[in-house]
Enquirer: 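Got a structure for you, written out below as structure tokens; questions coming shortly.
Start at 1 and go down the list; that is how both ligands and their atoms are numbered. All residue numbers in this chain count up from 1 along the given sequence.
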Amino acid sequence: MNIHTGCPNIPNIDSFLLKARGILLSKHLSNNGPLVTELEYRLAEYLDVRHVVTVCNATVGLMVALKALALGGEVILPSFTFIASAHALQWEGIKPVFCDIDPITHNIDASKVERLITDKTTAIMGVHIWGRPCSHKELLALARKYKVKLLYDAAHAFGTTYKSRSVAALEDISVISFHATKSFNTFEGGAIVTNNDELANKVKLMRNYSFNGEDNVTGIGLNAKMSEIHAAMGLCNLDSYTEVLEHCKRIYSYYKEKLPDVLGMSIIDYPENENHNYHYIITEIDENDFGCSRDAVHSHLKANGVVARRYFLPGCHKSEPYKSLYPGVYLPYTDTLCRRVLALPGGSGIKELVQIDKIIALLKQIRSWGKYSA
Ligand SMILES: *Cc1c(COP(=O)(O)O)cnc(C)c1O
């Protein structure tokens, strides 16, 4: 049987079916139903933030957040991110200005942001890649200095902290993804998170066509609502989330313990003294030290029933439409990392630790071949 990367976390099936039955009997399927309300309340408590506004997915959540912040012109973001970060900007008529990353943290390099700021810049959008927090202090200082907004694509960052504070609570607004493959899922879904009451009210209106009461449309809006069945999944997944976290941490620690003797391949660290979801098992493969390329490792694993995943291939600046719209963007660290990163199966994709032994044996095997052929 294949071992997959990005296997969804499934809650207790009977609890979910019971809630599904309740929804059908109540006939309240969507439009701010009781389960959505309960999920938002429980998530605000869990994430330690004032406002959690659920949405149908994080991509649309980002679009709503950008509109609520009244952004335009240019927004600076990393290119080493899922394409949705750039798409949300472009979709809103905003030019994504791609910044290089810090090769250690994989996050936007705050020291390279300032030179990209122009009189058209309206915001900086950090992305907490793998859930590891961006250099918030430095980004916030820049945002204040140039009077631009700061927002975060926190799609990976469910339940993580920055200086012991919930990542989701950082200025001005964050968007988390609850897609099936993320740490916490509602099949499809997401949340706009903020401590700012005014912004929270704005996004709540916008996600529901900007209806303020019956028949009173107050501005531009769209349909970004989460439905009751998605909220039911979220509530059930929240009930089992502590066990999911323990499982993910056990798997991550096992990889960390077993892999150091595989030279030329390292598993990224997660910050100590911070909460983390340990959802991604991220390796970097140095072709010279390891003896063969990341892509060769990916194929060898696949041929042996282990489906790893390359991220992000290529970086946004080399994908359409950005490659054609904004040519000549040179991001050497992003390009290098895009060639090196491989996500290995973790989380619920791994049932028993012997599966990790198998993966590591395959990695050692291919490493020795690479060395002979070199
Ligand atoms: C998954 C993801 C998104 C999009 O989330 P959806 O809920 O699938 O729309 C955006 N940004 C990043 C970094 C992601 O990984």
Enquirer: Could you tell me, atom by atom, which parts of ligand 1 come under 4.0 Å of a heavy atom of Lys182?
Expert: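 Every atom of ligand 1 under 4.0 Å from some heavy atom of Lys182: 1 (C), 2 (C), 14 (C), 15 (O).
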Enquirer: On a heavy-atom basis, which atom in His230 and which in Glu188 lie closest, and how many Å separate them?
Expert: CD2-O, 3.2 Å
Enquirer: Say whether His247 and Asn9, considering side chains only, have a donor N or O and an acceptor N or O under 3.5 Å apart.
Expert: no
Enquirer: Determine, considering heavy atoms only, which of His87, His128, His179, His156 sits nearest to atom 15 (O) of ligand 1.
Expert: His156
Enquirer: Just by distance, no angles: are the side chains of Asp109 and Ser111 close enough, under 3.5 Å, to form a donor-acceptor pair?
Expert: yes
Enquirer: So which of Ala84, Ser177, Ser85, Gly190 gets nearest to atom 6 (P) of ligand 1, if we judge by its closest heavy atom?
Expert: Ser177
Enquirer: Quick check on contacts: which atoms of ligand 1 are under 4.0 angstrom from a heavy atom of Ala155?
Expert: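 Under 4.0 Å from Ala155, ligand 1 has these atoms: 2 (C), 3 (C), 10 (C), 11 (N), 12 (C), 13 (C), 14 (C), 15 (O).
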Enquirer: May I ask whether Gly189 places a heavy atom under 4.0 Å from ligand 1?
Expert: yes
Enquirer: Answer side chain, backbone, both or neither: which part of Thr81 comes under 4.0 Å from ligand 1, heavy atoms only.
Expert: side chain
Enquirer: Is there a donor-acceptor contact under 3.5 Å linking the side chains of Tyr255 and Thr283?
Expert: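 Judged by distance alone, the side chains do not pair up.
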Enquirer: Give the residue, atom name and distance (to 0.1 Å) of the protein heavy atom nearest atom 4 (C) of ligand 1.
Expert: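 I find the closest protein heavy atom is Thr59 OG1, 3.6 Å.
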Enquirer: Which atoms of ligand 1 have any heavy atom of Asn57 under 4.0 Å away?
Expert: 7 (O), 9 (O)
Enquirer: Are Phe98 and Tyr326 close enough that their ring centres sit under 6.0 Å apart?
Expert: no
Enquirer: Would you check if there is a donor-acceptor pair between the side chains of Glu284 and Ser266 at a distance under 3.5 Å?
Expert: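 Note: Ser266 and Glu284 side chains miss the donor-acceptor criterion.
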Enquirer: Please confirm whether Asp153 comes within less than 3.5 Å of ligand 1 when only nitrogen or oxygen atoms on both sides are compared.
Expert: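 Yes; the residue has a nitrogen or oxygen that sits under 3.5 Å from a nitrogen or oxygen of the ligand.
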Enquirer: Tell me yes or no: between the side chains of Glu228 and Ser30, is some donor less than 3.5 Å from an acceptor?
Expert: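 No, no side-chain donor-acceptor contact under 3.5 Å.
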Enquirer: Could you check atom 3 (C) of ligand 1 against the protein and tell me its nearest heavy-atom contact, residue, atom and distance included?
Expert: Phe82 CD2, 3.6 Å
